[in-house]
> 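I am attaching a structure below and will ask some questions about it afterwards.
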Amino acid sequence: MPVAPSSPEVIARAADLLRAGKLVAFPTETVYGLGGDATNDLAVAAIYAAKGRPQINPLIAHVAEVAALDPHIEWNDTARLLATQFWPGPLTLVLSRKKNCPVSLLASAGMETLAVRIPSHPVAQALLKAVGRPIAAPSANLSGKISPTTALHVAESLSDKVELIIAGGKSTVGLESTVLDLVSPRICILRPGGITREQLEKVIGPVETATHNAHEAPLAPGMLPSHYAPELPVRLNANSAADNEALLCFGPAAFIKGGATRLNLSGRGDLEEAAAHLFAMLRQLDDKRYRAIAVMPIPETGLGAAINDRLRRASLR
Ligand code: AMP
Ligand code: MG
C-alpha cells in the first residue's frame, strides 16, 4: 500500500513525483486531495481517469501562497479582500484565467475561468511549497462517492491509481471548500462548504447561492445532483428509524426510536464537529447489514447548509 506518514523526506519524494507528472494523494483541512501537476495536461487527464470524473467537471488549482497565483488569474478587489480574510482556508475562488495562464485548460474544463485555493493544512502547505507549481487536487475518491477524510479512506478506493498517499491525520474541517464565483455579474456560492455564507457576507455583503438548476449549468458541473453517495439509500429528516436501518444522529438523540445501530455527528449539536465527522460516519454506517441510512434533521444555519447539501446529494439516486 502506498501510504506513508508525512515527513520531510516523504514531502520531497512527493514533490518529485508530482513534477514528473505522477499522482499523489495528500491531506488538506477540507478532505484528502488527489494531486497532479495542474500545468501538465497528461497529469490532469490522469486525475480525471483515476476518479472516473466527467471531464466537464473542472478542478481546483492549489498553491501555497497568494503571490503564486499572479501568473494564473486576474485579480479583482473582492478577490484580494477574500484572500486576506479567508486564506489559507476552505474557500475556493473562481476567477478569470490570465492570458497565457500555464494551467492546463482541461483543469478548467475548457472554460475561461479557473478555480483557485490556498489550503491551510501544514502538509498541503509544505508539499505545495516544495513543488512550486499549482496542483490540481479534487477529492481523492471515485467520482460520486463519499469524500475521504483519512489516508485509509483514500487507500480503500485509489491505492492502485496513485504513486503515494501522504498520511497526515484526519481532515479537521471534513467538508469540501466553499466555491465562490467572482466572475459572473453577481457573486454566487456555487458549492456551500467550509466557509459559511454568514462569514462571507460579513466581509463582502450579500451573496447569492446557486439554485439547484444553476448547479447543473455548465459553470458548476461539479454540482451534479447525485454525489457523495454511499451504497445504501439515505433517508433524510428521520424522526425515528426502522429496526433494520442505521441511524445517523445529530444532537441529543435519546428520544429517537429504532435503528439497528447509531452514530452521532455531534451529541452536543455542534455543526463544526458534525461537519468533521460526516463523511467518516457515512462510511461506517454504509454496511450491507442495514437496509438504509436514516439521518436526523440538521439545522440549515452556518455549516449546516453545507452538511445538508452533501446529505441531499447523498440521498439522490
Ligand atoms: P472537487 O475538486 O471535487 O472539490 O470539486 C471542485 C468543485 O469546484 C466542483 O464543484 C467544480 O464544479 C467547481 N469548479 C472548479 N473549477 C470551476 C470553474 N472554473 N468554474 C466553476 N466551478 C468550478
Ligand atoms: Mg469531490
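Numbering of ligands and ligand atoms starts at 1, following listing order. Since this is a predicted model, take the numbers as computed values, not measurements.
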> Could you tell me whether Arg191 and ligand 1 have an N or O pair separated by under 3.5 Å?
yes

> Of all the atoms in ligand 1, which lie at a distance below 4.0 Å from a heavy atom belonging to Leu190?
21 (C), 22 (N)

> Quick one: which ligand 1 atoms are inside 4.0 Å of a heavy atom on Pro58?
11 (C), 12 (O), 14 (N), 15 (C), 16 (N), 17 (C), 18 (C), 23 (C)

> Would you tell me whether Thr209 and Arg197 have side-chain atoms, one donor and one acceptor, within less than 3.5 Å of each other?
yes

> Side chains of Thr113 and Arg97: is there a donor and an acceptor less than 3.5 Å apart?
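No, no side-chain donor-acceptor contact under 3.5 Å.
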
> List the residues meeting side-chain contact (heavy atoms from CB on, under 4.5 Å) with Ala124, not counting sequence neighbours, and say none if there are none.
Phe26, Thr28, Pro119, His121

> Please check if atom NZ in Lys22 has more than 12 non-hydrogen atoms from other residues, nucleotides or ligands closer than 6.0 Å.
no

> Stepwise, does the side-chain contact (heavy atoms from CB on, under 4.5 Å) test hold for Phe279 with Val31?
CA-CA 9 Å; Phe279 290 136; Val31 301; 4.1 Å; yes

> Check whether any N or O atom of Arg53, backbone or side chain, sits under 3.5 Å from an N or O atom of ligand 1, and answer yes or no.
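N/O-N/O distance under 3.5 Å: yes.
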
> Of the side chain and backbone of Leu59, name the one, both, or neither that has a heavy atom under 4.0 Å from an atom of ligand 1.
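Just the backbone.
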
> Between Arg19 and Asp16, does any side-chain N to carboxylate O distance fall below 4.0 Å?
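So Arg19 pairs with Asp16 through a salt bridge.
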
> Who's closest to atom 8 (O) of ligand 1 heavy-atom-wise, of Val179, Leu34, Ile56?
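Heavy atom nearest to atom 8 (O) of ligand 1 belongs to Val179.
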
> Just which atoms of ligand 1 are under 4.0 Å from any heavy atom in Met111?
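Under 4.0 Å from Met111, ligand 1 has these atoms: 18 (C), 19 (N), 20 (N).
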
> Name the atoms and distances for all side-chain donor-acceptor pairs under 3.5 Å in residues 60-74, with sequence neighbours left out.
from	atom 1	to	atom 2	distance (Å)
His62	ND1	Ile60	O	3.2
His62	ND1	Ile135	O	3.2
Asp70	OD1	Trp75	NE1	2.8

> Could you tell me whether Ser108 and ligand 1 have an N or O pair separated by under 3.5 Å?
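The answer is no, given that Ser108 and ligand 1 share no N or O pair closer than 3.5 Å.
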
> Which heavy-atom pair separates Ile47 from Gly36 by the least distance, and what is that distance?
CD1-N, 3.6 Å

> side-chain contact (heavy atoms from CB on, under 4.5 Å) for Tyr32 and Asn141? Distances and angles first, verdict last.
CA-CA 9 Å; Tyr32 272 65; Asn141 54 277; over 6 Å; no

> Relative to the heavy atoms of Asn57, which atoms of ligand 1 are at a distance of less than 4.0 Å?
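Near Asn57, meaning under 4.0 Å from one of its heavy atoms, ligand 1 has 9 (C), 11 (C), 12 (O).
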
> Restricting to non-hydrogen atoms, name the atom on Pro58 and the atom on Ser108 that form the minimum distance, rounded to 0.1 Å.
CB-C, 3.8 Å

> Between Val94 and ligand 1, find which residue part has any heavy-atom pair under 4.0 Å and reply side chain, backbone, both or neither.
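Side chain only.
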
> Can a side-chain donor-acceptor contact be found between Glu176 and Ser139 if the only test is distance below 3.5 angstrom?
no

> Would you mind running through ligand 1 and noting each atom that sits below 4.0 Å from a heavy atom of Ser139?
3 (O)

> Heavy-atom contacts with Thr113 under 4.0 Å: which atoms of ligand 1 show up? List them by number with element.
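It comes down to these atoms of ligand 1: 18 (C), 19 (N), 20 (N).
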
> Short of 2.8 Å from the Mg ion (ligand 2), name each protein N/O/S atom, waters not counted.
Ser139 OG

> Please list every donor-acceptor pair under 3.5 Å in which a side-chain atom of residues 85-94 meets a protein atom from a residue at least two apart or in another chain.
from	atom 1	to	atom 2	distance (Å)
Trp87	NE1	Leu91	O	2.8
Thr92	OG1	Ser177	OG	2.7

